[in-house]
Amino acid sequence: KMKFEKSQKLYEKGLVHLVGAVNSPVRAFSSVGGNPLFIKKAKGSKITDVDNNEYVDLVLSYGPMILGHRHKKVQKAITKALQNGYTFGASTENEIKLAKIVCDAFPGMDKVRFVNSGTEAVLSALRLARAYTGKDKIIKFSGCYHGHSDALLVAAGSGFATLSLPGSKGVPEGAVKNTLIANYNDLESVKAHFKKHDDIAAVIIEPIAGNMGVVLPEDNFLKDLKVFLEKKKALLIVDEVMTGFRSTFGGAQEILGVTADITCLGKVIGGGFPVGAYGARNEIMEMVSPLGDMYQAGTLSGNPVAMASGIATLTELKKQNPYAEFEEFASILEVILLETAKKYHIDLTVNRFGSMINPFFRKGEVTNFEEAQKSDTKKFAVFFWEMIKNGVFLPPSQFEAWFLSSALTEKDLEKVSKAIDAAMKKVADSF
């Protein structure tokens with residue numbers, strides 16, 4: 001039986017000088033109840049908390065640890081980089097190397113600018129789209145998350161083709177007045193905005209939504225969206241912070257048959273270090289300072305240790321090419337989830353794409369935010385804690401994707417399978 005005493009003590013201690021004892025809200029476990037776990041170390045497919053409980057890790061720091069934790073080649077590259085210094089506030093050769101790897105993997109990308117997070121990549125991409133088009137408004141989709149910059153922390157106002165309302169305290173109305181909200185998988189909701197407004201610079205989208213759970217675009221939704229935007233001379237910004245390098249060596253946009261005007265990246269390209277990036281074809285990227293008049297800067301951008309980690313991660317990932325294996329593991333996991341839910345008479349829908357997967361505790365398919373929200377979060381909370389007690393580390397939210405790493409073994413899968421059975425049984429017994 002697992003004990004969580006040290007995590008509990010650290011949580012109480014953390015409340016003194018940290019907000020809610022955490023540095024990011026989802027870590028607070030508020031949507032599943034109970035207190036957060038504090039992690040001590042990780043290696044390969046496993047993560048260990050301060051009470052020495054070991055788990056199969058399906059969080060993987062929300063995606064970047066695609067090779068598993070502390071892969072020996074990545075570890076070696078980081079150690080070597082550290083011996084030369086930590087940060088210079090000046091250019092290094094590795095920035096050029098990583099830029100080439102990234103640009104080569106994305107057909108629509110000639111140049112890239114490295115930043116320090118996905119949030120930073122997105123807010124820079126929006127500024128770039130506005131600079132390039134000379135227009136102000138941006139359309140985003142309900143349920144897609146693009147980091148915590150003011151303009152994108154929005155909630156839908158009344159009516160479906162709507163101006164936005166601030167989605168957080170501290171976001172002034174002025175900050176979101178140029179953000180419009182459309183419905184995912186609903187091209188008509190995008191067209192409605194264009195009928196009303198002639199100053200729309202771009203539409204930003206997660207090609208596969210990862211923060212309302214894994215939600216896929218239907219049929220030709222993305223292709224049709226791109227064709228429509230080209231007619232309207234507006235840009236398509238594809239936020240691949242989560243999906244980049246997760247379903248193929250490159251972006252989900254390639255699999256979905258569309259080329260973004262501007263692509264945002266993060267997670268995997270830093271191999272566990274804080275890295276983000278935005279990239280586009282030359283004519284767009286040449287608007288960015290020092291070549292153009294769109295200003296964006298960052299002292300720690302292209303940090304030498306992060307660049308070394310990114311190069312080692314992507315080089316190894318290309319060599320491993322684990323995507324067929326990811327597909328196989330994810331499909332096995334889907335079958336296990338569905339069959340176990342059926343066994344215990346629990347309503348469940350599973351969505352997956354590449355190495356991202358998650359179950360929704362509800363009947364019927366999930367194709368947008370509204371449908372995702374109809375999931376039974378109370379059932380998920382029971383399921384989550386039972387998975388934890390059976391040694392599987394999951395994101396503490398019904399609406400976060402689970403991630404697979406190439407370090408996962410058949411044995412890990414067996415452990416996950418047993419945990420799912422115990423967790424579904426617990427859900428059935430509780431409701």
Is there a side-chain contact between [X] and [Y], using heavy atoms and a 4.5 Å cut-off?
X: Glu400; Y: Val26; answer: yes
X: Ile269; Y: Phe114; answer: yes
X: Phe249; Y: Asp104; answer: no
X: Trp402; Y: Pro359; answer: yes
X: Phe403; Y: Leu58; answer: no
X: Lys140; Y: Val122; answer: no

Under 3.5 Å, side-chain donor or acceptor atoms of residues 59-71 against the rest of the protein: list the pairs with distances, not counting sequence neighbours.
unit_1 : atom_1 : unit_2 : atom_2 : d
His69  : NE2    : Asp57  : OD2    : 2.6
Arg70  : NE     : Ala42  : O      : 2.8
Arg70  : NH2    : Ala42  : O      : 3.3
His71  : ND1    : Lys73  : N      : 3.1

Quick one: does [X]'s side chain have a donor or acceptor within less than 3.5 Å of a partner on [Y]'s backbone?
X: Gln398; Y: Phe361; answer: yes
X: Thr179; Y: Leu152; answer: no
X: Ser189; Y: Asp186; answer: yes
X: Glu206; Y: Tyr145; answer: yes
X: Ser397; Y: Phe399; answer: yes
X: Lys135; Y: Asp198; answer: no
X: Ser405; Y: Ala407; answer: yes
X: Thr349; Y: Gly364; answer: yes
X: Glu240; Y: Gln253; answer: yes
X: Thr119; Y: Ser149; answer: no

Looking at every heavy atom in both [X] and [Y], which two are closest together, and how far apart are they?
X: Gly34; Y: Trp385; result: CA-CZ2, 4.0 Å
X: Ala372; Y: Phe360; result: CB-CE2, 4.0 Å
X: Asn303; Y: Val305; result: OD1-N, 2.9 Å
X: Ile237; Y: Ala202; result: CD1-CB, 3.8 Å
X: Ser142; Y: Tyr184; result: O-CB, 4.4 Å
X: Gly354; Y: Ser247; result: CA-CB, 4.0 Å

**Prompt:** Is it true that Glu173 and Lys177 make a salt bridge, defined as a side-chain N closer than 4.0 Å to a carboxylate O?
**Reply:** no
Salt bridge (charged side-chain N to carboxylate O under 4.0 Å, His left out) contacts in which one or both residues fall within [range], not counting sequence neighbours:
range: residues 25-47; answer: Lys46-Asp412
range: residues 358-367; answer: none
range: residues 116-130; answer: none
range: residues 274-297; answer: Lys111-Glu286, Asp261-Arg281, Arg281-Glu283

How many angstroms lie between [atom1] in [X] and [atom2] in [Y], if you round to the nearest 0.5 Å?
X: Cys144; Y: Ile181; atom1: SG; atom2: CD1; answer: 11.0 Å
X: Leu314; Y: Phe245; atom1: CG; atom2: CZ; answer: 5.0 Å
X: Met387; Y: Phe383; atom1: CE; atom2: CZ; answer: 4.0 Å
X: Leu128; Y: Gln296; atom1: CG; atom2: CD; answer: 9.5 Å
X: Ile420; Y: Glu339; atom1: CD1; atom2: CD; answer: 11.5 Å
X: Ser31; Y: Phe380; atom1: OG; atom2: CZ; answer: 7.0 Å

**Asked** When the ring centroid of Phe369 is compared with that of Phe141, is the distance short of 6.0 Å?
**Response** no
Looking at residues at least two apart in the chain, or sitting in another chain, which of them share a side chain to side chain contact (heavy atoms under 4.5 Å, CB included) with [X]?
X: Asp49; value: Phe4, Leu37, Ile39, Asp51, Asn53, Tyr55
X: Glu254; value: Pro107
X: Ser309; value: Val74, Ile78, Phe273, Thr313
X: Asn94; value: Thr92, Lys97, Met307, Ala308, Ile311

Kindly check if the number of other-residue, nucleotide or ligand heavy atoms within 6.0 Å of [atom1] ([X]) is above 12?
X: Phe88; atom1: CZ; result: yes
X: Gln320; atom1: CD; result: yes
X: Gln75; atom1: CD; result: yes

**Request:** Go through the steps for Lys232 and Ile200 under the test side chain to side chain contact (heavy atoms under 4.5 Å, CB included), then give the verdict.
**Result:** CA-CA 9 Å; Lys232 296 290 182 184; Ile200 297 170; over 6 Å; no
**Message:** The test is side chain to side chain contact (heavy atoms under 4.5 Å, CB included); show your working for Leu408 and Phe326 and say whether it passes.
**Reply:** CA-CA 9 Å; Leu408 275 174; Phe326 282 153; over 6 Å; no
List the atom pairs, with distances to 0.1 Å, where a side-chain N or O of residues 210-225 and a protein N or O form a donor-acceptor pair under 3.5 Å, not counting sequence neighbours.
none

**Message:** Could you check whether Lys379 makes a cation-pi contact with Phe431, meaning its NZ or CZ is under 6.0 Å from the centre of the six-membered ring and within 45° of the ring axis?
**Reply:** yes
**Qualifying residues under salt bridge (Lys or Arg N to Asp or Glu O under 4.0 Å), relative to Asp110, sequence neighbours excluded** = none
**Request:** Would you please name every residue forming a salt bridge (Lys or Arg N to Asp or Glu O under 4.0 Å) with Glu327, sequence neighbours left out?
**Result:** Arg352
**Asked** Would Ile357 and Leu333 count as a side chain to side chain contact (heavy atoms under 4.5 Å, CB included) if you check the C-alpha gap in whole Å, the side-chain angles of each, and the deciding distance to 0.1 Å?
**Response** CA-CA 8 Å; Ile357 182 168; Leu333 205 49; 4.0 Å; yes
**Item:** Trace of the side chain to side chain contact (heavy atoms under 4.5 Å, CB included) decision for Val171 with Val154
**Value:** CA-CA 9 Å; Val171 174; Val154 293; over 6 Å; no
